[in-house]
Amino acid sequence: MPELPEVEVVRAGLEPAVTDATVTGVEVLDERSLRRHDGPVEDFIQRLIGARFAAPQRRGKFLWIPVLDDGDPGRVSALASRRRPEMVVAPSSSALVIHLGMSGQVLLRERAAARDRLTRVVLEVRHPEHGPLRVDFVDQRIFGSMALDHLLPTVDDPDQWIPSQVAHIARDPLDPRFDDRAFLAALGRKQTTIKRALLDQTLISGIGNIYADEALWAARVHYEQPTATLRRARAVTLLAEVRLVLGRALAEGGTSFDAQYVNVNGASGYFSHSLNAYGRQGEPCPRCGRPIVRESFMNRGSHFCELCQKLRVARPLS
DNA sequence: CCGGACTCCTGGTTGC
DNA sequence: TGCAACCAGGAGTCCG
């Protein structure tokens, strides 16, 4: 479900509530939500209780809250010895990694508030200013997860640290350090089609099925256009449209079709009203009026306009 | 390297 | 109304 804008809405909502807060209680209602935690449930609970949170971070669709004082001295020394001994210790050596999968939600609640039926993990925290709060991880399909993970320096900035589970994910296009030239060059090298590339989180992160279809529609690119045949100017346009659609969706609080995606207060975003292609099969293309078509692709739907988004044949080398 | 199939799951909607 | 089939915003692994 949630793509970059939705995850960023969650991150921004969590920030004032959990930064500097201390974990006072952890309840795991469904162990399957800890599938990506490397260790038993008790380990997850014991390391979290008493820990203090730093400000939540995000890359693409991954969200994490760096953990201070988590009471496991082993990892700090292990990290300090790798690669840059003089650097000693990261400000935080581990983090609570949250991935929302298709149906995950993070909800901030009063300590005594009723629980959603699909709540999988509950964190009780105490914030120095806001007092006691509850952070509920709700997830219908359990494709999402919570995990404690250690932090590693990023390859392109040794002062920036990232959970090991997220290290293989590319920077997202709203990250100031996203490398446009490297991305465009990779498109030219890859033997694949453009929608696959947009969904490949190791090339560019944060884009899912909705915003891939929207950006392709805006840039008038067919989803199966081979990346190597995409003219550079059009690839540049496409990347700009990716940024535009992600930015607009973020400004509107994300895309919600139902109560399945909500911010930390349980409220829906408004961007579904702004979609031009996704989910609009049979409706007229907002640009030319031709009905939007839905085709099956990668076990999901691709929505596009057959008139505006034609497959372009590669120009023969003269 | 690449693409396709399959896995992890629940629950709302659609169609007979 | 009942019930089965189908569908869903993600991502990892395996195999040819």
Side-chain angles (χ1 to χ4, degrees), chain A residues 1-10 29-38 58-63 97-106 116-121 137-147 149 163-170 172 186-216 223-224 226-228 242 245-246 249-250 252-263 268-275 277-282 294-303:
Chain A
M1 137 180 97
E3 306 181 31
L4 187 154
E6 293 77 32
V7 179
E8 175 56 22
V9 167
V10 170
L29 301 164
D30 195 320
E31 297 191 8
R32 293 173 298 178
S33 290
L34 301 190
R35 193 178 306 126
R36 303 196 67 184
H37 177 72
D38 184 21
R58 181 189 55 72
R59 175 180 285 197
K61 306 171 196 174
F62 282 84
L63 173 65
V97 182
I98 305 170
H99 197 286
L100 301 178
M102 294 277 258
S103 54
Q105 305 172 0
V106 179
D116 187 288
R117 188 167 50 94
L118 302 171
T119 303
R120 311 298 185 190
V121 181
F137 181 68
V138 179
D139 189 9
Q140 180 203 119
R141 295 177 71 182
I142 324 185
F143 289 169
S145 62
M146 279 187 157
D149 191 14
S164 72
Q165 293 182 5
V166 192
H168 67 294
I169 299 293
D172 62 65
L187 285 188
R189 278 195 308 272
K190 284 261 165 192
Q191 293 297 307
T192 189
T193 50
I194 188 61
K195 186 169 175 183
R196 298 192 103 89
L198 290 179
L199 295 177
D200 181 347
Q201 305 296 305
T202 68
L203 267 188
I204 183 171
S205 69
I207 305 169
N209 206 35
I210 295 180
Y211 299 115
D213 282 1
E214 290 301 302
L216 289 166
Y223 69 96
E224 287 195 298
T227 55
V242 164
V245 71
L246 294 178
L250 181 54
E252 293 185 40
T255 300
S256 312
F257 301 121
D258 47 41
Q260 200 57 245
Y261 169 72
V262 293
N263 66 15
S268 293
Y270 290 96
F271 196 70
S272 62
H273 305 290
S274 308
L275 297 175
Y278 184 85
R280 304 198 45 166
Q281 58 271 25
R294 177 185 190 275
E295 287 182 3
S296 191
F297 174 72
M298 290 173 78
N299 275 332
R300 52 224 323 212
S302 268
H303 312 74

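A quick note: this is a predicted structure, and the numbers were derived from the prediction, not measured.
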Sugar-phosphate, base or nothing in reach of A:R300, heavy atoms under 4.0 Å: base

Is_stacked (A:F143, C:dG10) at 5.5 Å, 30 deg: yes

Length of the line joining A:I204:CD1 and C:dA11:P, which is rounded to integer Å: 13 Å

A:K190 vs B:dC2: side-chain N/O to OP1/OP2 distance below 4.0 Å: yes

Find every protein N or O atom lying less than 3.5 Å from an N or O atom of nucleotides 12-16 of chain C, and list the pairs.
residue : atom : partner : partner atom : Å
C:dG12  : OP1  : A:H168  : NE2          : 3.3

Under 3.5 Å: donor-acceptor pair, side chain of A:R59, backbone of A:I169: yes

Distance between P atoms of B:dA5 and C:dC7 (Å, rounded): 15 Å

Proximity to the side chain of A:R35 - top-ranked nucleotide from C:dG9, B:dT10, B:dC8: B:dC8

B:dG3 phosphate, OP1 or OP2, under 4.0 Å from A:T192 side-chain N/O: yes

Protein-nucleotide distance (A:E214, atom CD; C:dG9, atom C1'), rounded to Å: 12 Å

A:Q105 vs A:L100, side-chain contact (heavy atoms from CB on, under 4.5 Å): CA-CA, chis, key distance, verdict: CA-CA 6 Å; A:Q105 305 172 0; A:L100 301 178; 5.9 Å; no

More than 12 heavy atoms of other groups within 6.0 Å of A:E31 CD: no

Sugar-phosphate, base or nothing in reach of A:R117, heavy atoms under 4.0 Å: sugar-phosphate

A:L199 backbone acceptor or donor facing A:Q201 side chain under 3.5 Å: yes

Length of the line joining A:M102:CE and B:dT7:P, which is rounded to integer Å: 16 Å

Test log, rule side-chain contact (heavy atoms from CB on, under 4.5 Å), inputs A:H303 and A:R280: CA-CA 7 Å; A:H303 312 74; A:R280 304 198 45 166; over 6 Å; no

Pairing residues for A:D30 by the side-chain contact (heavy atoms from CB on, under 4.5 Å) criterion, not counting sequence neighbours: A:R32, A:R120, A:I142

Atom-pair distance (CD on A:Q105; C1' on C:dG9), nearest Å: 12 Å

Distance in Å, A:H99 NE2 paired with A:D139 CG, rounded so as to fall on 0.5 Å steps: 11.0 Å

Counterpart residues, ring pair (Phe, Tyr, Trp, His ring centres under 6.0 Å), relative to A:F137 (two or more places apart): none

Rounded distance (Å) that lies between atom P of B:dT10 and atom CG of A:D116: 15 Å

A:S296: side-chain contact (heavy atoms from CB on, under 4.5 Å) partners, not counting sequence neighbours: none

Any A:K61 side-chain N or O less than 4.0 Å from OP1/OP2 of C:dG9: no

Under-4.0 Å side-chain N/O to phosphate OP1/OP2 contact, A:R196 with B:dG3: yes

Pairing annotation in dot-bracket form, given for DNA chain B with Watson-Crick or G-U pairs under 3.5 Å and | for cross-strand partners: .|||||||.|||||||

For A:R58, all residues meeting side-chain contact (heavy atoms from CB on, under 4.5 Å), sequence neighbours excluded: A:L4, A:V7, A:E8, A:R11, A:D172

Among B:dC9, B:dC2, B:dG11, the one nearest A:Q191 by side-chain distance: B:dC2

Any A:H99 side-chain nitrogen or oxygen under 4.0 Å from OP1 or OP2 of C:dG10: no

A:E224 CD to B:dC2 P, straight-line distance once rounded to whole Å: 16 Å

Length of the CG-P vector between A:N299 and C:dA8, whole Å: 10 Å

Any A:R120 side-chain nitrogen or oxygen under 4.0 Å from OP1 or OP2 of B:dC9: no

Separation of atom CG in A:L246 from atom P in C:dG9, rounded to whole Å: 16 Å

Separation between the C1' atoms of B:dG3 and C:dG9, rounded to whole Å: 22 Å

Under 3.5 Å donor-acceptor, A:E3 side chain and A:K61 backbone: no

Under 4.0 angstrom between A:Y278 side-chain N/O and C:dG9 OP1 or OP2: yes

